[in-house]
Amino acid sequence: MTDRADRPPRMEVTIGRGLTLKNPVMAASGTFGYGEEFARYVDLNSLGAIVVKGLSLEPASGNPPPRIMETPCGMLNSIGLQNVGVKAFLAEKLPFLRDYDTAVIANIFGETVDEYARLSEILSGAPGLKAVEVNVSCPNVEKGGIAFGSDPDRVAEVTRAVKGSVDLPVIVKLSPNVTDIALIAEAAEGAGADAVSLINTLKGMSIDVERKVPHIGKVIGGLSGPAIRPIALRMVWEVVNRVSIPVIGIGGIVDGNDALQFLIAGARAVQVGTANFMDPMATTKVLEGITNYMYRHSVRDINDLIGTLRV
Amino acid sequence: MTCDSNVKWPLSGEVKRNRKVTDNHYHLVLHAGKEYLSSSPGQFLMIRPGGRDVSLLGRPMSIYAVNKDGDGACVEVLYRVAGRGTGLMAQLKEGEMVGVVGPLGKGFTLYRDKKRVVLVAGGVGVAPLTFLAKAYRNLPETGSVEVVSYIGARSGTCIVGKGELGSIGRVSVSSDDGTCGHHGLVTDLFAKDLGVFEEDETAVYACGPSPMLKKMQEIMRDRSFIVQASLEERMACGIGACLGCVVRVKRGGYARVCTEGPVFNLKEVCFD
Ligand SMILES: Cc1cc2nc3c(=O)[nH]c(=O)nc-3n(C[C@H](O)[C@H](O)[C@H](O)COP(=O)(O)OP(=O)(O)OC[C@H]3O[C@@H](n4cnc5c(N)ncnc54)[C@H](O)[C@@H]3O)c2cc1C
Ligand SMILES: Cc1cc2nc3c(=O)[nH]c(=O)nc-3n(C[C@H](O)[C@H](O)[C@H](O)COP(=O)(O)O)c2cc1C
Ligand code: FES
């Protein structure tokens with residue numbers, strides 16, 4: 001059969017063993033709730049995947065307000081990983097998402113290696129769940145509160161613990177608050193991660209000079225949005241050059257052009273975060289932008305575009 | 001395959017009018033989808049001025065009025081220029097399209113069995129309360145309900161909505177600088193009259209900045225009035241997803257202002 005120019009391009013991407021997405025556009029953790037909040041605005045069936053809000057063993061109430069502040073081309077947040085807890089997620093949130101034709105991915109975080117392992121065990125075998133994304137940007141209470149994600153050995157330890165406890169593909173989500181993010185990615189790969197996703201938020205701060213108080217209750221927050229895109233893109237580029245597992249690009253993606261930069265740099269898929277707040281239909285628009293580009297450049301298969309940067 | 005979405009909610013509105021009403025205060029009228037016709041008083045929308053290329057979160061604005069307009073709805077907002085977002089809103093011109101998401105949140109409860117409704121508004125807090133006063137007026141069975149309003153502002157020139165509420169019931173005005181009405185806080189003006197309202201026959205509604213609502217809470221602490229208040233918090237998504245807009249509540253933990261509110265039973269909220 002011959003390819004007809006008007007036939008829709010192939011959008012399917014494979015993120016490591018056992019995880020195939022219908023297209024490379026995912027909704028990022030913490031910015032898409034549990035999916036249901038967006039069902040009125042976005043056809044959830046059109047998304048490659050939905051990564052749900054970070055889950056912990058027990059429900060967490062989060063940080064005191066104010067929790068958010070808009071900053072130039074972005075925002076600071078200190079939500080403090082407020083969530084319903086893994087059990088309520090399985091009982092109350094997953095059944096809704098399961099009915100959609102999109103990959104549901106659980107994002108998890110813990111304060112000890114054992115917590116990560118127990119979370120993974122609980123999620124193991126949950127019907128409708130396609131993968132686990134491991135947030136390593138949290139303080140490690142056993143190591144004086146230093147983030148797991150800043151130490152390659154701790155990242156390897158957490159990755160091994162999760163891999164050993166769950167029968168799903170494991171994506172390790174990297175923190176950008178490190179000197180050499182590729183080193184951390186290598187550690188995750190070495191410990192058996194099926195893919196890495198990056199970046200999580202960058203640490204930032206903002207002050208109300210009239211009152212001389214921080215704009216964020218916890219003083220320091222996580223910066224996200226278009227302001228971080230060039231940094232995220234640089235980090236994705238560094239990581240794709242050092243690991244051979246799939247890389248998922250995250251950071252400030254608002255439209256198709258932004259997403260294409262990550263794909264051309266070598267990311268196998270992208271996640272859309274803060275843009276969902278600015279426009280609830282952002283994920284749809286990103287996908288439309290990518291598809292239009294493919295028609296325009298006669299790209300028949302998204303995989304022919306990935307990693308095509310000319311340098 | 002990709003984008004034949006079944007999305008039911010249009011996410012933009014057309015500016016029909018955007019006029020300055022007094023110092024720093026504007027009245028915006030949008031033509032939007034017919035889903036706004038079901039808006040209830042206290043609900044809000046997220047408005048995102050600035051077009052496609054400006055990176056900006058939506059700004060929450062209470063709905064001031066809604067009317068049928070052709071095949072859609074005419075949605076009105078009363079706003080004060082407070083910073084960058086509202087500054088961009090003030091530049092909106094007739095015919096421009098603006099991003100809007102709504103109607104959002106839980107509005108005020110209308111109590112059909114009360115004899116009297118008392119509204120306490122700080123600044124542009126008058127907007128949702130005017131919508132509420134009209135809703136009470138339009139309830140067929142409550143034609144005799146008395147609506148009493150207290151409006152406060154920084155200065156006499158900032159007082160908005162007096163005429164409209166005045167056509168519905170008695171209005172008392174205060175200003176922080178004494179240039180109009182009572183010299184002082186609107187909560188003090190309200191507190192002076194409190195003795196004349198029967199607790200079980202009166203519903204009290206408040207909307208304004210947090211310090212004002214905190215004062216209201218203190219005044220009402222030992223009384224059994226029903227007090228509903230519309231809260232203000234910074235928001236990112238407005239639809240319950242980011243968990244950024246929370247307030248601490250007495251039952252423990254936090255509640256999202258955008259979805260569990262913005263209207264709360266004032267007695268259940270903690271102002272830290
Ligand atoms: C449910 C709800 C309904 C509202 N209804 C109205 C309304 O009808 N009319 C109106 O004029 N305003 C209303 N507000 C407040 C309005 O959203 C803010 O004034 C606006 O977001 C400020 O944006 P800005 O970019 O102009 O100011 P910024 O530059 O972001 O900030 C200027 C000042 O406003 C404060 N501020 C920022 N965001 C908010 C916020 N969400 N709530 C309160 N203060 C804020 C900041 O702390 C700062 O002091 C409402 C807020 C909420 C939560
Ligand atoms: C309000 C908010 C909450 C977030 N919550 C989580 C979370 O629970 N787990 C996680 O791994 N990342 C979380 N993130 C990080 C995002 O998933 C994403 O990595 C980051 O915001 C960068 O992408 P963006 O610029 O597109 O937003 C959160 C981000 C924001 C803005
Ligand atoms: S503004 Fe996002 S949860 Fe309320």
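All of these numbers come straight from a predicted model, not from anything done at the bench. Letters go in sequence order (proteins before strands), and every chain restarts at 1.
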_Proximal to chain A - members of residues 235-252 of chain B, heavy-atom separation under 4.5 Å_ =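 Result: B:M235, B:A236, B:C237, B:I239, B:G240, B:A241, B:C242, B:L243, B:G244, B:V246.
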_Atom pair CZ/CD of B:R256 and A:E37 - distance to nearest 0.5 Å_ =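 One finds 6.5 Å between CZ of B:R256 and CD of A:E37.
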*Sort out for me which of A:N83, A:I79, A:D279, A:T274 touches chain B most, counting heavy-atom pairs under 4.5 Å.*
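Heavy-atom pair counts peak at A:I79.
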*Name the region of A:N276, side chain, backbone, both or neither, that has any atom closer than 4.5 Å to a heavy atom of chain B.*
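When you check distances to chain B, no heavy atom of A:N276 falls under 4.5 Å.
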*Heavy atoms only, distances under 4.5 angstrom: which of A:P64, A:G62, A:G80, A:G35 has the most pairs with chain B? Name it, please.*
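Going by pairs under 4.5 Å, I would pick A:P64.
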*asked:* Taking atom NZ as the centre, does A:K218 end up with more than 12 heavy-atom neighbours from other residues, nucleotides or ligands that are less than 6.0 angstrom away?
replied: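 Not more than 12 within 6.0 Å, no.
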_Atom CG of A:D99: over 12 foreign heavy atoms under 6.0 Å_ =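 Count over threshold, so yes.
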*Around atom CD of B:E218, are there more than 12 heavy atoms of other residues, nucleotides or ligands at under 6.0 Å?*
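More than 12 heavy atoms, drawn from other residues, nucleotides or ligands, come within 6.0 Å of this atom.
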*Do other residues, nucleotides or ligands put more than 12 heavy atoms under 6.0 Å from the CD atom of A:E58?*
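At most 12 heavy atoms, drawn from other residues, nucleotides or ligands, come within 6.0 Å of this atom.
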*Looking only at heavy atoms, what is the nearest atom pair of A:E70 and B:L56, with distance?*
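Result for this residue pair: OE2-CD1, 3.1 Å.
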*Side chain, backbone, both or neither: which part of A:P59 has a heavy atom under 4.5 Å from chain B?*
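Neither part.
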_When A:L47, A:N63, A:N77 are compared by non-hydrogen pairs under 4.5 Å with chain B, the top option_ =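 Maximum pair count with chain B is reached by A:N63.
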*Could you pull out the closest heavy-atom pair between A:H215 and B:R234, with the gap in Å?*
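Taking A:H215 first and B:R234 second, the nearest heavy atoms are O-NH1, 3.1 Å.
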*What pair of heavy atoms forms the shortest contact from B:P103 to A:R40, and how long is it?*
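Result for this residue pair: O-NH1, 4.1 Å.
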